[in-house]
Colleague: 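Quick one: structure below, then a few questions.
Any value given below was found using the heavy atoms of this structure, including those in side chains, with hydrogens, waters and symmetry copies removed. The structure displayed is predicted, hence computed values, not measured ones. Start at 1 and go down the list; that is how both ligands and their atoms are numbered.
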Amino acid sequence: MDESLETVLVEFDEDSGVGTLTMNRPDALNALSAQLRDDIVAGLELLEEQNEGADGVALRAVVLEGAGEKAFCAGADIGGFSDASAGGTSARSHYDFIRDFPAPVIAKIDGYCLGGGLETALACDFRLASESSTFGFPEVNLGILPGAGGVQYVTKIAGPALAKELAMTGEHISAERAGEEGIVNHVYADDEFEDEVDAFVDDLAGQAPLAIQAIKKSADMAVHSGLEEGLAYDNQLFQELLKTEDHAEGAAAFAEDREPEFDGK
Ligand code: COA
């Protein structure tokens, strides 16, 4: 499937089960206009439709990237603040949609990843960055703070000192530092970036999809809950996964010394 929304390109590769959303406002460094935020949600909905009528889980992973040479996303569209693109409840919708999306979403970051762009990446399950990418919360330069929980999330990942440094100074940090601080999962050399991301995504897409969905829910719950509640939730997910065909296939493949083939059933 190939579809062009107004500001997002949507692709789906049937063989791998990998969907790709490309934020497509390169002239504005993929800044988050209201249209772009809506199109990210619409693009994810189109990809989720691939599961309808499929034998198991068709959509295994989604890559979110930015068009052009310079940016993943330079944050809220500064021209569109009156449409609440910088903050407020409506600004949260595409972030929440990514967090709640059943398939894992990988932010493929090559260039500027700023403000709402960084918050969008933080809503994803994984952040993979080229070494020349930079990260920051420039909102303070406009007299505001990151409106979609950026300070909260960076504090949870890397502690309050880094969150305050980013949000109070507005300075950019390098991909290398973002990697050291745990803000991104992996930093790859620029000339190896495409291949490394493809390898990471293909590995992920080959894993048992129901287990991947359960792990996403478990990790997200851990962020919000106490340990006791989280352990009970994991036990419930575990019991459900024990009953799946994917579990039987994984166990059989291990016994037969072969690669498993998971269908998401
Ligand atoms: N909203 C709207 N347009 C933006 C934008 C944003 N957040 N960020 C960049 N653009 C536009 C610029 O206005 C420029 O448009 P133009 O060519 O029509 O003049 C184009 O994208 C390229 O940006 P430019 O500033 O020329 O590129 P640069 O390489 O010199 O600088 C940045 C890149 C990211 C450092 C700089 O654009 C910047 O600071 N952007 C604002 C980031 C920000 O504050 N985001 C959070 C908003 S809450």
Colleague: Could you tell me if any non-hydrogen atom of D27 lies under 4.0 Å from any atom of ligand 1?
Modeller: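 Contact check D27 vs ligand 1: positive.
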
Colleague: Using a strict cut-off of 4.0 Å, indicate which atoms of ligand 1 neighbour a heavy atom of K70.
Modeller: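 Here the atoms of ligand 1 in question are 27 (O), 28 (P), 29 (O).
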
Colleague: Which ILVMFWY residues can you reach from L128 by hopping between side chains whose heavy atoms are under 4.5 Å apart?
Modeller: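 Joined to L128, directly or through intermediates: V18, V63, I106, F126, Y188, F193, V197, F200, V201, L204, I212.
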
Colleague: Check this for me - ligand 1, E139, N or O atoms closer than 3.5 angstrom, yes or no?
Modeller: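 No; every N/O pair is 3.5 Å or more apart.
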
Colleague: Give a yes-or-no answer on whether the side chains of D96 and S93 include a donor-acceptor pair shorter than 3.5 Å.
Modeller: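 Note: D96 and S93 side chains miss the donor-acceptor criterion.
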
Colleague: Pairs of nitrogen or oxygen atoms closer than 3.5 Å, one from L114 and one from ligand 1: do any exist?
Modeller: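 Min N/O separation from ligand 1 is not below 3.5 Å for L114.
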
Colleague: Determine whether E65 and T20 make a side-chain contact, defined as any pair of heavy atoms from C-beta on separated by less than 4.5 Å.
Modeller: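 Counting from C-beta outward, E65 and T20 do come under 4.5 Å.
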
Colleague: Taking only heavy atoms of A31, which atoms of ligand 1 are found under 4.0 Å from at least one of them?
Modeller: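 Close to A31: 1 (N), 2 (C), 6 (C), 7 (N).
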
Colleague: May I have all residue pairs that pass ring pair (Phe, Tyr, Trp, His ring centres under 6.0 Å) and include part of residues 216-235, sequence neighbours excluded?
Modeller: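 Qualifying pairs, neighbours excluded: none.
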
Colleague: Which option out of A76, G117, G147, G111 puts a heavy atom nearest to atom 7 (N) of ligand 1?
Modeller: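 Answer by nearest heavy atom: A76.
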
Colleague: With a heavy-atom distance limit of 4.0 Å, tell me whether A74 approaches ligand 1 through its side chain, its backbone, both, or neither.
Modeller: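 The answer is both, backbone and side chain.
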
Colleague: Between L142 and ligand 1, is there a nitrogen or oxygen pair with a distance under 3.5 Å?
Modeller: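 No, L142 has no N/O under 3.5 Å of an N/O on ligand 1.
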
Colleague: Looking at T7, D77, D39, which one forms a side-chain hydrogen bond (donor to acceptor under 3.5 Å, both in side chains) with R25?
Modeller: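 The side-chain hydrogen bond (donor to acceptor under 3.5 Å, both in side chains) with R25 is passed solely by D77 among T7, D77, D39.
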
Colleague: Got a second to check how far L29's CG is from M23's CE, nearest 0.5 Å?
Modeller: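 The distance works out to 11.5 Å.
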
